[in-house]
2 protein chains.
Amino acid sequence: MTAPTSPTKERLLELVAALGTAQWQDFSASAARHGLTGVQAKLLAHLKGPVPMRGLATLLVCDASNVTGIVDRLEARGLVRREPDPSDRRVKNVVATDEGRETIRRVRAGMHATHTALDALDAEQRTALYALLERLRDGLRPGS
Amino acid sequence: MTAPTSPTKERLLELVAALGTAQWQDFSASAARHGLTGVQAKLLAHLKGPVPMRGLATLLVCDASNVTGIVDRLEARGLVRREPDPSDRRVKNVVATDEGRETIRRVRAGMHATHTALDALDAEQRTALYALLERLRDGLRPGS
DNA sequence: ACCATTAACTTGACTACCTCAAGTATCGGG
DNA sequence: CCCGATACTTGAGGTAGTCAAGTTAATGGT
């Protein structure tokens, strides 16, 4: 037989969980080396442009009041800035400062374990992995 | 060319992160439906047999004193039991109660998004995914 | 056998994260 | 103009995480 009987869903589930955990550990450890918590770095990672507080709460899947505290701490370190939205005075847009952008870049670059793991795959494997993960994520995203 | 140039490492990194996050959200949401936090459920998931507190700290990659609190709360709910280790009186082994085992089983079963996502793959895709993830995790595990 | 070291666990103090309820300011439609 | 909805903040309360210190028990060397 070509395939040694496909792995059970339980085994796959376990593996996906283990991978997610390992990746988060790697990310958090790298963030810690730059004086950030994992959550702070994750928020920073979402700031490719200005994002309203509410939008961050949606992205992080948490209450808006939680975002207030995280942004407070990032702002105190000068990695992020709140600026008023010109078209809606209720909204505060969060923007990464130059230092913030540089910091998150370094955090990503410092994920040694993840980089090493990905380096172990050749181009073909990466393409296959990408396709499979994309498919998985699409199923994982919306609702059930 | 057959492959549309393999995806950049950055894109793959991002995808792995997104997948990890989505999976954790799904797990935590299912745990919450059973009155548990994600961390509590994760600890419970490791209890296939008796595990000393220290071992749990290693598995969860956190300080031993942190485990004390988590186990306290699980024990208060009757999902877990501390029992003395016969061969080393310093050690307390944590064991899941029947209710604890049943609860974690239900939490896993309640991960609707993950199950749906995995159901979208055929046997061949699962086998390929499993192999790739296993490879990734092995690289992600030890040191750099 | 004895003592020093080391290991497992808990406690206490402190911070971060997270949610909910309530409050303030603003927006937008009738 | 007023009412309801939306964006954000604040405060209370609980979980999660770290570090330092303390207790108890195992262990190794002499």
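Convention: sequence-line order gives letters A, B, ...; per-chain numbering from 1.
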(request) Name the residue closer to the 5' end of DNA chain C, choosing between A/V61 and B/T68 according to the nucleotide with the nearest heavy atom. (result)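 With A/V61 and B/T68 compared, the 5'-side residue is B/T68.
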(message) Assuming nearest nucleotide by heavy-atom distance, tell me which of A/R90 and A/L60 is located more 5' along DNA chain C.
(response)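 Nearest nucleotide further toward 5': that of A/L60.
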(request) Give a yes or no on this: more than 12 heavy atoms of other residues, nucleotides or ligands lie within 6.0 Å of atom CZ of A/R11. (result)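 At most 12 heavy atoms, drawn from other residues, nucleotides or ligands, come within 6.0 Å of this atom.
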Do [X] and [Y] have side chains that approach each other closer than 4.5 Å (heavy atoms only, starting at C-beta)?
X	Y	answer
A/L60	A/H46	yes
A/L133	B/L129	yes
B/R105	B/E102	yes
B/R108	B/I104	yes
B/R77	B/L36	yes

(message) Under 4.0 Å, heavy atoms only, any strand: does A/T37 hit a base, just the sugar-phosphate, or nothing?
(response)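 Sugar-phosphate only.
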(request) Mind checking B/N66 for me? I need base, sugar-phosphate or nothing, with any heavy atom below 4.0 Å counting as a touch. (result) base
(request) Please find the earliest and latest nucleotides of DNA chain D, in the 5' to 3' direction, that have an atom within less than 4.0 Å of any heavy atom of chain B. (result)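 Reading along DNA chain D, I get D/dT15 to D/dA26.
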(request) Spell out, as yes or no, whether a donor-acceptor pair under 3.5 Å connects the side chain of A/R137 to the backbone of B/A22. (result)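 No: the side chain of A/R137 does not pair with the backbone of B/A22.
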(request) Please answer whether the main-chain N or O of A/L74 pairs with a side-chain N or O of A/Q40 as donor and acceptor at a distance below 3.5 Å. (result) no
(request) May I ask you to say whether B/D72 pairs ionically with B/R82, meaning some side-chain N is under 4.0 Å from a carboxylate O? (result)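 Yes, charged N to carboxylate O under 4.0 Å.
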(request) Taking all non-hydrogen atoms of both residues into account, name the closest pair between B/A96 and B/L47 and its distance. (result) N-CD1, 3.9 Å
(request) Check every nucleotide of DNA chain C for an atom under 4.0 Å from a heavy-atom of chain B, then give the first and the last such nucleotide from 5' to 3'. (result)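 Nucleotide range with atoms under 4.0 Å of chain B: C/dA7 to C/dT11.
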(request) Pull out every residue in residues 39-56 of chain B that has a heavy atom closer than 4.0 Å to any atom of DNA chain C, ordered by number, or say none. (result) B/P52, B/M53, B/R54
